[in-house]
Every structure is written in C-alpha cells, then in structure tokens.
J.: 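Shown below is the structure under consideration.
Only this structure's heavy atoms are used, side chains among them; waters, hydrogens and symmetry mates stay out. Bear in mind the structure is a predicted one, so any value in this text is a computation, not a measurement.
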Amino acid sequence: MDSREAEDRSPSVRSRNEIIPEVKNPKLSSWDVAYALNMAIACLITYWIMTHTLSRFVDESSDFLGGMWAVVATVFVFRETRLRSLSAGIARLIATCVSFALCLVYLSLFPFTPLGMAILIAIGTVVMALLGRRDDIVTVGITTVVVMVVAAMSPVDAWQQPLLRLADTVVGIAVGVACKWVGSFLFYKSIGEQAP
C-alpha cells in the first residue's frame, strides 16, 4: 500500500471529507437552471406581496423589513424535493411560532434589552430541545434576534414586531412551498417524468 492509500484511509481524512464534502459533478443541469429560476420567481412574488400588503399598515422601513424577512423564509423552504420543501416549511413555522410566543410575551411586558434577548434565546433553545426539534434551535435563535433587534430600533409598539415577523414568515413559507411544488410539477411534466 502506498502512502496516498494509507492517507485516504486515515481517520483525519475521512472526517475532513465528512465535514467538507467533495464536489462530484460541478456541471449545471436543466433542473439546476429551472430550480434557480423557480426560486427567483418565488422570492420576487413574496417580496411583492409583502411590500405591497404591508405598505398599507406600516412605515416604509418596516415594509422593506417585512419583504426581506418573507423572502428569507421563501429561500429557507426551497429544497431539492417537494417533500423536503414542505418539511422545511413546517420546521420553519414551528420555530417561528416558538420565537413569536416568547418575544410577544416579553415585549408586551418589557422593553428590549440585550440581556432580555439572550434570555429569550436560552429559553427558545430549551423549548426546542424539549420538543425534540434540536435542528431548529438555530432558526428560533435567528428569529428571536431579528424580532428583538427590530423592536429595539422601533421601540414604539415593539410588541407588534413578533406579529409582523410571523405574518412575513407565513407568507414566505406559503409562497415558497407553493412555487416549489408548482415549479417541480411543471418541470417534470415537461420532460415526462414524475416530480420527486
């Protein structure tokens, strides 16, 4: 056995390949292009819905924030298959609801503080662990940070921020999952295969 074969079998090389997977086929397929276009269209639809809907109720900066947060939710749920996309949407909704509940209670009682934000992140982590959804702890943390920091930037009626971010997320998830399903169906119907 030469030194290269010995190196390939060593634990450090195996663990490095598990951490940073090798790219096997860097060529783009027609599916990759369709997937990218579908995601772009879904994001555009989401942003348009949120900025035109929210503009009736909130100021311009909240309008843009709502559009951005909804698009983030749309991108989050775009996965390789329709089932994985739906699963990601459900996971995102659960995590957002946990963050929503924690932030709403907190902001109804107290103003933003960095310590309060840190406490909510810790509580959200414990709640998700108790729900057996450890993979969604990151989403709860990110959502909590966004809601709390935006509440700090707009302290008047800060309790509304969890409600607005929940609405943004729900619209983003719904549009993302719907566009993923429709796009996959149309792509595979055009090539004569059943969509995964």
Side-chain angles (χ1 to χ4, degrees), residues 21-58 62-104 124 127-147 150 161-196:
E22 293 181 40
V23 177
K24 297 187 185 207
N25 186 3
K27 295 186 331 184
L28 287 176
S29 66
S30 57
W31 166 247
D32 294 327
V33 174
Y35 181 88
L37 289 173
N38 191 13
M39 186 189 305
I41 290 167
C43 290
L44 183 61
I45 292 168
T46 301
Y47 188 79
W48 185 87
I49 289 171
M50 291 313 299
T51 55
H52 284 77
T53 302
L54 280 181
S55 64
R56 298 179 190 141
F57 307 105
V58 297
S62 293
D63 187 24
F64 288 134
L65 177 65
M68 180 212 58
W69 196 242
V71 169
V72 167
T74 298
V75 171
F76 184 87
V77 301
F78 246 79
R79 303 298 167 101
E80 189 65 24
T81 66
R82 293 183 298 173
L83 187 57
R84 287 182 62 202
S85 187
L86 181 61
S87 177
I90 292 168
R92 178 67 192 257
L93 186 59
I94 291 168
T96 299
C97 286
V98 168
S99 177
F100 158 78
L102 294 174
C103 291
L104 183 62
V127 168
M128 295 309 282
L130 289 172
L131 291 174
R133 303 196 64 90
R134 292 180 185 275
D135 289 345
D136 301 324
I137 289 171
V138 171
T139 306
V140 170
I142 291 169
T143 305
T144 300
V145 169
V146 168
V147 170
V150 171
Q161 291 304 320
L163 298 169
L164 292 170
R165 301 303 68 92
L166 178 64
D168 302 337
T169 302
V170 168
V171 169
I173 290 169
V175 173
V177 170
C179 285
K180 171 62 181 147
W181 279 59
V182 169
S184 292
F185 174 78
L186 293 175
F187 178 81
Y188 284 103
K189 185 162 177 80
S190 71
I191 63 169
E193 292 182 24
Q194 187 170 353

J.: Which atoms form the tightest heavy-atom contact between Ser30 and Phe187, and what is the distance?
T.: OG-CZ, 3.7 Å
J.: Just checking, any donor-acceptor pair under 3.5 angstrom between side chains of Ser85 and Trp181?
T.: no
J.: Which atoms form the tightest heavy-atom contact between Ile45 and Cys179, and what is the distance?
T.: CD1-SG, 4.1 Å
J.: Answer with yes or no after comparing the ring centroid distance for Tyr35 and Phe78 against a 6.0 Å cut-off, counting only values under it.
T.: yes
J.: SG/Cys43 to CG/Asn38 distance, rounded to the nearest 0.5 angstrom?
T.: 9.5 Å
J.: Does a side-chain heavy-atom distance below 4.5 Å link Phe76 with Thr139?
T.: yes
J.: Less than 4.5 Å apart, any side-chain heavy atom of Val71 and any of Met68?
T.: no
J.: Less than 4.5 Å apart, any side-chain heavy atom of Phe100 and any of Leu163?
T.: yes
J.: Which heavy-atom pair separates Cys103 from Thr144 by the least distance, and what is that distance?
T.: SG-CG2, 3.9 Å
J.: For residues Arg165 and Thr96, determine if any side-chain heavy atom of one lies less than 4.5 Å from a side-chain heavy atom of the other.
T.: no
J.: For the side chain of Ser99 and the backbone of Ala95, is there at least one donor-acceptor N/O pair under 3.5 Å apart?
T.: no
J.: Between Thr46 and Val175 (side chain of the first, backbone of the second, donor and acceptor by atom type, cut-off under 3.5 Å), is there such a pair?
T.: no
J.: What residues form a ring-ring contact (aromatic ring centres under 6.0 Å, His included) with Trp48, not counting sequence neighbours?
T.: His52
J.: Of all heavy-atom pairs between Ile173 and Ala73, which one has the smallest distance, and what is that distance?
T.: N-CB, 4.0 Å
J.: What is the minimum heavy-atom distance between Arg79 and Arg84, and which atoms define it?
T.: CG-O, 3.6 Å
J.: Side-chain contact test, heavy atoms from C-beta onward, threshold under 4.5 Å: evaluate it for Met50 versus Trp69 and give yes or no.
T.: no
J.: Can you check side-chain contact (heavy atoms from CB on, under 4.5 Å) on Asp32 and Ser29, steps first, answer last?
T.: CA-CA 5 Å; Asp32 294 327; Ser29 66; 3.2 Å; yes
J.: To the nearest 0.5 Å, how far apart are CG in Leu102 and SG in Cys97?
T.: 11.0 Å
J.: Can you tell me how far the CD1 atom of Ile142 sits from the CD1 atom of Ile137, to the nearest 0.5 Å?
T.: 12.0 Å
J.: Is there a donor-acceptor pair under 3.5 Å between the side chain of Lys180 and the backbone N or O of Glu80?
T.: yes
J.: Taking all non-hydrogen atoms of both residues into account, name the closest pair between Val77 and Gly89 and its distance.
T.: CG1-CA, 3.4 Å
J.: Check salt bridge (charged side-chain N to carboxylate O under 4.0 Å, His left out) between Arg133 and all other residues, then give those that pass, not counting sequence neighbours.
T.: Asp136
